[in-house]
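Everything on this sheet refers to the single structure shown next.
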2 protein chains.
Amino acid sequence: MTHELHASAAPELDRTAHPAFEAAYQAARKSLAEGGIPIGAALARDGVVIASGHNERVQNADPIAHGEMSALRAAGRQNSYRDTTLYTTLAPCAMCAGTIVQFKIPRVVVGEARTFDGELELLRTRGVEVVVLDDQRSVDMMRTFQSDNPELWAEDIAEEIVE
Amino acid sequence: MTHELHASAAPELDRTAHPAFEAAYQAARKSLAEGGIPIGAALARDGVVIASGHNERVQNADPIAHGEMSALRAAGRQNSYRDTTLYTTLAPCAMCAGTIVQFKIPRVVVGEARTFDGELELLRTRGVEVVVLDDQRSVDMMRTFQSDNPELWAEDIAEEIVE
C-alpha cells in the first residue's frame with residue numbers, strides 16, 4: 001500500500017491510533033446491515049475493548065438503546081469507569097452525554113460531529129475529554145442514512161419533521 | 001379512613017393528585033422485593049400510565065437500567081414525548097436527566113431528592129418542569145436501602161467508597 005493510493009482516503013493514521021474505534025464502526029455497520037440505525041460504540045480499558053454495541057431502536061424497539069448505551073449495557077456491571085474510554089461513531093446526544101458524566105467516564109473518542117453536533121459542550125463542561133476524529137467513513141454512513149430515512153432519524157433524536 | 005388516622009402519614013393528597021406516581025412507587029417496591037435497588041418510574045400520557053419500570057442493576061446486571069430508563073424502554077418507540085410526564089421515586093441522575101432532555105419530556109414528578117440530590121438543576125436549565133413531592137415513603141425506602149447496602153448504592157451512582 002503506497003501513500004499515493006491513500007492520498008484521498010479517510011485518515012488512516014487516526015484509526016490506527018484508536019483501534020477500539022474500529023469496533024465501534026463495525027458495530028454501526030452491523031446495525032446498518034440489520035436495517036437499523038448505523039451508530040456504534042465500544043468501551044475500552046487500557047486499549048482493550050470490553051464491549052461494543054449499536055443502536056437498537058429498530059431491531060428491539062428500544063428507544064434508550066443508542067450505540068453508547070448498548071455498549072455500556074453489554075459491558076455489564078463495572079466497579080469503576082475511571083480507567084475507560086468510550087468510542088462512538090457519532091457525537092453523543094444528551095442521553096449518552098449524561099450517561100458518560102454519570103458513569104464518570106473520563107474520555108470519549110467521537111467518530112464525527114458533522115451530521116449531528118450532539119452535546120460535546122456538556123461533556124467538556126463536566127470535565128470529560130472529548131476527541132473528535134472527523135472520520136469520513138462515519139460521516140458518509142450517517143449522511144446516506146439520514147437522507148434515506150429522515151423519519152427514523154428524526155424519531156431517534158426526538159425531532160419532529162416539519163413538512 | 002379518618003383524617004386522624006393519617007395525621008402523621010406521608011402526604012396522601014400529593015399521591016392522590018399524582019396517581020401515576022403510585023405506579024412508580026410500586027415498581028420500586030417490586031425491585032426491593034426482588035433483591036434489587038428500590039427505585040421506580042412510570043411514564044404517563046394524559047394521566048394514563050403508558051409503562052413503568054424499576055432499577056435492574058442487580059436483577060439483569062444492567063448498569064443503564066435505572067428506574068427512569070427501564071420505564072422508557074418498556075414504553076417502546078414513541079413518536080413524541082411532548083405530551084408525557086415522567087414520574088420517578090428518586091431525583092434523576094445525570095444519565096436519566098440527560099435522557100429526559102434528549103427525549104423532550106416536558107415534566108418530571110420526583111418522589112424525593114433528600115437521599116440523592118440528582119440533576120434537578122440540569123433539568124430546569126433545559127426547560128423541564130420539575131415537581132418534587134417529598135414523599136416520605138420514598139425517603140424511608142431509600143434511607144433503609146442505602147444504609148443496608150452502601151456498596152451497591154455507591155456502584156449505582158458510580159461513587160467510590162472511601163474507607
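Reminder, nothing fancy here: chain letters follow the sequence lines and each chain counts from 1.
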Original post:
Given side chains that start at C-beta, do those of A/Thr88 and A/Cys96 come closer than 4.5 Å, heavy atoms only?
Top reply: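 With C-beta onward as the side chain, the pair stays apart.
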Original post:
According to a 4.5 Å side-chain heavy-atom criterion applied to Ile, Leu, Val, Met, Phe, Trp and Tyr, with indirect links allowed, do B/Val101 and A/Val128 form part of one hydrophobic cluster?
Top reply: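 B/Val101 and A/Val128: one cluster.
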Original post:
Which of the residues B/Arg77, B/Arg82, B/Glu159 is involved in the greatest number of heavy-atom pairs with chain A at under 4.5 angstrom?
Top reply: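 When all of B/Arg77, B/Arg82, B/Glu159 are compared, B/Arg77 has the most.
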Subject >> A/Arg107 atom CZ, neighbour heavy-atom count above 12 within 6.0 Å >> reply: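 Yes, the 6.0 Å shell around CZ holds more than 12 heavy atoms from other groups.
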Original post:
Going by atom types only, do B/Arg114 and B/Gln136 share a side-chain donor-acceptor pair under 3.5 Å?
Top reply: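 A donor-acceptor contact under 3.5 Å links the two side chains.
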**OP:** Would you mind checking if A/Glu119 and B/Arg126 are paired as a salt bridge, meaning a charged N to carboxylate O distance below 4.0 Å?
**Re:** yes
Original post:
In Å and rounded to the nearest 0.5 Å, what is the CD to CG distance from A/Glu129 to A/Leu123?
Top reply: 11.5 Å
Subject >> Engaged part of B/Ile157 at the chain A interface, taking heavy atoms whose separation is under 4.5 Å >> reply: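 Both the backbone and the side chain of B/Ile157 come within 4.5 Å of chain A.
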Original post:
At a heavy-atom separation under 4.5 Å, does B/Ile105 approach chain A through its side chain, its backbone, both, or neither?
Top reply: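 Nothing of B/Ile105, per the 4.5 Å heavy-atom cut-off to chain A.
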**OP:** Could you tell me which residues in residues 57-75 of chain B have at least one non-hydrogen atom under 4.5 Å from a non-hydrogen atom of chain A, sorted by residue number?
**Re:**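 From residues 57-75 of chain B, the residues near chain A are B/Arg57, B/Val58, B/Ala61, B/Asp62, B/Pro63, B/Ile64, B/Met69, B/Leu72, B/Arg73.
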Original post:
Is the A/Phe116 ring parallel, tilted or perpendicular to the A/Trp153 ring (thresholds 30°, 60°)?
Top reply: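 Perpendicular, since the angle between the ring planes exceeds 60°.
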